[in-house]
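As structure tokens, the structure follows; a few thoughts come after it.
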There are 2 protein chains.
Amino acid sequence: MSTLTTTDPRTGVRTDTGIEVTSDAEVDEIVERAVGAMEELEQRPRAWRADLLDALADALDERRDELVAIAAAETGLTSVRLNGELTRTTYQLRLFGEAVRDGGYLEAAIDHAGDTPMGPQPDVRRMLVAIGPVAVFGSSNFPFAFSVPGGDTASALAAGNAVIAKAHSAHPLTSRASFEALREGARRAGAPAGTVGIVYGQAAGTRLVGHPGVAAVGFTGSLGAANHLRAAIDERERPIPFYGELQSVNPLVVGPAALAARGAEIAAGLAASVTGSGGQLCTKPGIAFIPAGEGADGFAEQLVAAMSAADPGVLLNDRVLASFRDAERELEQAPAVESLLGDAEASAGDGFAVAPRVLRVPAGELTPEHTVEAFGPLVLLVDYADTAQLLGALQAVPDSLTTTFHAESADYPAVSSLLPQISAAAGRIVFNGYPTGVRVSWAQHHGGPWPATNSFHTSVGITSIRRFLRPLAWQNAPAELLPEELRDEYREIARRVDGVLEAGVPVGA
Amino acid sequence: MSTLTTTDPRTGVRTDTGIEVTSDAEVDEIVERAVGAMEELEQRPRAWRADLLDALADALDERRDELVAIAAAETGLTSVRLNGELTRTTYQLRLFGEAVRDGGYLEAAIDHAGDTPMGPQPDVRRMLVAIGPVAVFGSSNFPFAFSVPGGDTASALAAGNAVIAKAHSAHPLTSRASFEALREGARRAGAPAGTVGIVYGQAAGTRLVGHPGVAAVGFTGSLGAANHLRAAIDERERPIPFYGELQSVNPLVVGPAALAARGAEIAAGLAASVTGSGGQLCTKPGIAFIPAGEGADGFAEQLVAAMSAADPGVLLNDRVLASFRDAERELEQAPAVESLLGDAEASAGDGFAVAPRVLRVPAGELTPEHTVEAFGPLVLLVDYADTAQLLGALQAVPDSLTTTFHAESADYPAVSSLLPQISAAAGRIVFNGYPTGVRVSWAQHHGGPWPATNSFHTSVGITSIRRFLRPLAWQNAPAELLPEELRDEYREIARRVDGVLEAGVPVGA
């Protein structure tokens with residue numbers, strides 16, 4: 001039986017975890033247990049499910065120090081960052097609990113029987129129901145918030161599903177410890193066995209997405225790994241959705257008035273956003289457009305100074321390091337690129353440490369060669385002459401999770417003329433801020449056109465629950481056979497009744 | 001240049017239409033025009049778009065007699081049926097106009113900036129925006145309501161997109177005439193050129209779904225044709241959603257108490273539902289489970305009598321006829337099947353006419369061989385001994401758009417025990433009625449697990465608009481750069497503000 005290893009990115013030292021890879025037979029058994037759990041989960045009321053999410057958050061909080069220490073040794077992320085991430089993770093679980101209590105996500109609707117312009121029509125009622133067991137593939141860069149106990153797991157459970165996580169190869173011990181906390185929380189909440197499960201090893205992950213019992217896949221990672229899983233999904237007899245969050249270059253545009261008004265502040269903010277977490281954030285701004293001219297050189301100097309002062313980043317694992325080095329070299333060798341800071345050949349320290357990079361190219365020279373994602377502390381500065389040139393240059397940038405504008409009022413007309421193109425090429429448009437630090441909330445959208453995600457869904461925020469639900473309608477159903485949320489007298493959630501939206505009256509209100 | 005033919009199913013006579021197939025270059029040009037139209041459509045307010053939908057309905061109504069006559073000659077459907085279908089089609093367009101005015105479908109949400117348990121957070125606002133040009137592939141059996149001017153077109157336009165329809169090979173003249181009406185309505189409403197387009201010929205359809213400018217595909221038709229298009233979509237660099245409505249067996253279950261109370265009425269209703277429109281409805285009940293015993297034979301006799309009295313059906317085209325004959329023979333030859341009415345070898349009249357069929361098998365003998373879809377006036381009666389046997393037999397039935405129960409109170413406990421399995425295997429559960437005649441309304445869901453559709457979406461009802469929208473978020477955006485629906489002072493639509501759902505106050509209310 002082969003076991004998994006883990007590597008401390010701070011030292012590069014690899015050790016055996018003793019964790020055995022999950023066999024095909026075990027994967028099948030774990031999925032069967034999840035399918036079995038669904039039967040019982042479907043009978044549980046929403047209030048119970050909200051309590052389950054709270055119990056999972058509590059169980060994670062209880063093991064906080066242990067989880068952070070394990071994750072630090074497997075990811076090289078600082079304990080401040082990891083503590084913040086775990087707080088975000090438990091906040092997310094509890095917020096989804098609130099959304100489950102609210103019930104608006106059910107999209108409940110009732111059309112009473114009656115005469116219509118189409119003649120007499122039957123009573124029809126609709127709401128969303130759980131889709132079935134969800135496979136979750138977490139990311140390397142968020143060992144909690146986008147991994148075993150992360151957003152995909154929280155939203156799939158909130159929707160009423162069982163979840164099977166695939167442990168990440170770069171942080172198997174963190175995956176296991178997180179899973180154990182979830183399992184303990186689920187046990188305390190009285191969840192059926194099989195509500196949460198985990199598998200180890202790449203082959204187990206492939207087996208998992210091909211299993212007929214799995215109803216949807218949530219994934220955060222590289223385009224290459226995503227395409228491997230998509231190919232396995234395409235071989236299924238019954239297609240299932242693949243919700244991937246893949247890669248993103250995240251262009252940032254500085255307007256002339258913004259540069260003049262607060263260039264130094266923007267340079268400092270951009271440096272912090274590019275170097276935070278070693279630049280390994282899916283929303284890291286990878287390419288920054290600044291107005292060419294006198295102010296540009298000053299901005300570049302300020303940016304280089306701020307980036308130089310940043311802590312050297314430690315990359316997450318050897319694959320991330322190799323891919324960052326490849327991207328660095330590719331960008332250095334792209335036409336007309338000037339390196340302002342750093343060197344792809346220089347070693348920055350122990351383990352997988354790297355030094356921050358700043359490169360620069362004129363917008364007139366920009367090609368798709370300049371817009372590869374460098375997952376690490378690197379930013380490409382692009383000098384643009386005017387709005388028309390900027391518009392053209394932005395077309396060379398792959399569609400992204402975010403686009404950011406720094407703009408003063410005088411810049412608004414130019415921004416406004418760019419918005420149609422930008423709206424089609426991003427999932428979130430940020431003004432006078434930075435795309436990193438994604439708020440977990442009702443209105444958040446963390447998605448974007450391919451290859452950011454597949455456009456239609458978010459992997460952060462309340463509406464991510466929608467990915468793991470499907471509609472079901474009842475026609476002329478006797479009240480006693482309807483879910484309680486669809487009975488006439490139920491008033492606790494928002495519903496659209498005969499076309500009119502009625503707000504819910506929560507219990508006790 | 002090759003031209004398309006059309007065949008009158010009532011006589012089998014084929015004639016040339018003079019309609020030329022669309023060349024690759026023309027397809028590309030049509031998509032480019034649609035992409036161009038999107039730029040302008042995105043700037044138009046919702047009120048304009050609602051008026052556009054009304055104008056399209058008016059233009060169709062004005063050409064009603066001509067459209068019905070053309071469609072009758074291409075489909076063999078009666079003018080009563082076609083008039084009803086066209087009324088449904090224009091009702092649908094106007095209802096979607098109402099939904100656009102209501103604005104709830106935008107799912108607008110605002111999270112104001114503020115302190116949260118995660119620290120200070122930025123202002124984030126989200127709503128749904130148009131996805132881009134939509135390709136629509138209509139069905140043979142609904143030349144209006146699920147074709148060029150049908151639900152996919154109405155919902156894609158309601159969402160703010162341009163639409164390119166692929167004319168159906170079995171009703172090219174109806175497709176062209178419908179398109180001309182839509183184009184005229186769009187012109188009157190002042191829509192940009194390219195808002196609606198059409199292509200002719202199978203190769204043009206394949207070219208269409210592969211074009212990078214197309215953002216989504218709506219399809220109603222056979223599983224085989226769907227898989228052909230899905231393969232073409234899989235070859236795209238950038239995946240796009242395929243919204244298919246494919247095939248469905250639609251099991252119907254009669255409980256013992258219901259059989260005793262109103263067996264004759266159910267037999268008559270079932271016969272009408274099976275033979276209406278020649279049995280060529282995606283929701284036609286193809287398999288009916290009745291309690292074995294004395295009442296069963298009486299029910300079978302009543303059903304046979306009612307089916308015998310029905311008008312002979314005329315099938316839509318030679319492919320539908322061939323496929324119905326194949327299914328008939330396959331079912332006749334399946335183990336333990338008894339034929340109660342009709343004969344696969346008998347000719348029923350001119351053209352593509354067929355006679356109604358009733359077959360019968362005991363539930364204990366039921367296998368997947370008995371559950372092929374026979375698209376035409378055929379129903380398989382299945383005698384079940386008890387609930388346990390019924391549960392097992394239902395597992396042999398492919399997942400469907402609908403499942404129907406005829407049940408009196410005494411039957412509810414048995415129905416209730418079946419509901420978990422049925423809920424997972426259907427998109428709509430019908431009580432004491434028939435699944436044909438799908439209400440177009442807010443709460444409708446016309447979808448189901450594969451191969452009915454791909455579970456997550458409906459192709460009938462207001463929520464079908466959601467298929468052609470994607471979320472977009474704005475962070476810290478200046479009010480003047482936000483869509484009006486997301487500005488603080490806007491009150492006309494429902495929005496979730498800081499987690500609380502606020503009902504909209506429509507203008508003039």
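Sequence lines set the chain letters: A, B, ... in the order given, protein chains first and strands last, and positions in each chain run from 1.
For the options B:Ala109, B:Gly427, B:Ala503, heavy-atom pairs under 4.5 Å to chain A are most numerous at B:Gly427. Between chain A and the residues B:Val415, B:Ile110, B:Thr463, the most heavy-atom pairs under 4.5 angstrom are made by B:Thr463. Contact tally against chain A (heavy-atom pairs below 4.5 Å) for B:Met118, B:Arg466, B:Glu480: the top residue is B:Met118. Taking A:Gln43, A:His446, A:Arg230, A:Glu98 one by one and counting their heavy-atom pairs under 4.5 Å with chain B, the maximum is reached by A:Arg230. Most heavy-atom pairs under 4.5 Å with chain A: of the set B:Thr458, B:Asp498, B:Leu469, this distinction falls to B:Leu469.
Here the shortest heavy-atom pairing between B:Asp111 and A:Trp442 reads OD2-N, 3.0 Å. Heavy-atom minimum distance, B:Asp399 versus A:Arg238: OD2-NH2, 2.7 Å. What you find for B:Tyr412 and A:Pro478 is that their closest heavy atoms are OH-CG, 3.2 Å. Here the shortest heavy-atom pairing between B:Ala424 and A:Arg470 reads CA-NH2, 3.3 Å. Here the closest heavy-atom approach between residue A:Ala473 and residue B:Ala443 is recorded as CB-O, 4.3 Å.
Heavy-atom distances place both the backbone and the side chain of B:Ser441 under 4.5 Å from chain A. Contacts of A:Glu237 with chain B are made by backbone atoms alone, with heavy-atom separations under 4.5 Å and no side-chain atom involved. When heavy atoms are compared at a cutoff of 4.5 Å, B:Phe242 does not approach chain A at all. Only the side chain of A:Thr116 comes within contact range of chain B, with at least one heavy atom under 4.5 Å from a heavy atom of that chain.
Distance CZ/B:Phe431 to CD/A:Gln475: 10.0 Å, rounded to 0.5 Å. Distance check: A:Leu501 CG to B:Leu501 CG gives 5.0 Å after rounding to the nearest 0.5 Å.
Using a 4.5 Å cut-off on side-chain heavy atoms (C-beta onward), B:Asp102 and A:Arg496 make contact. For the pair B:Ser423 and A:Val129, the minimum side-chain heavy-atom distance is 4.5 Å or more.
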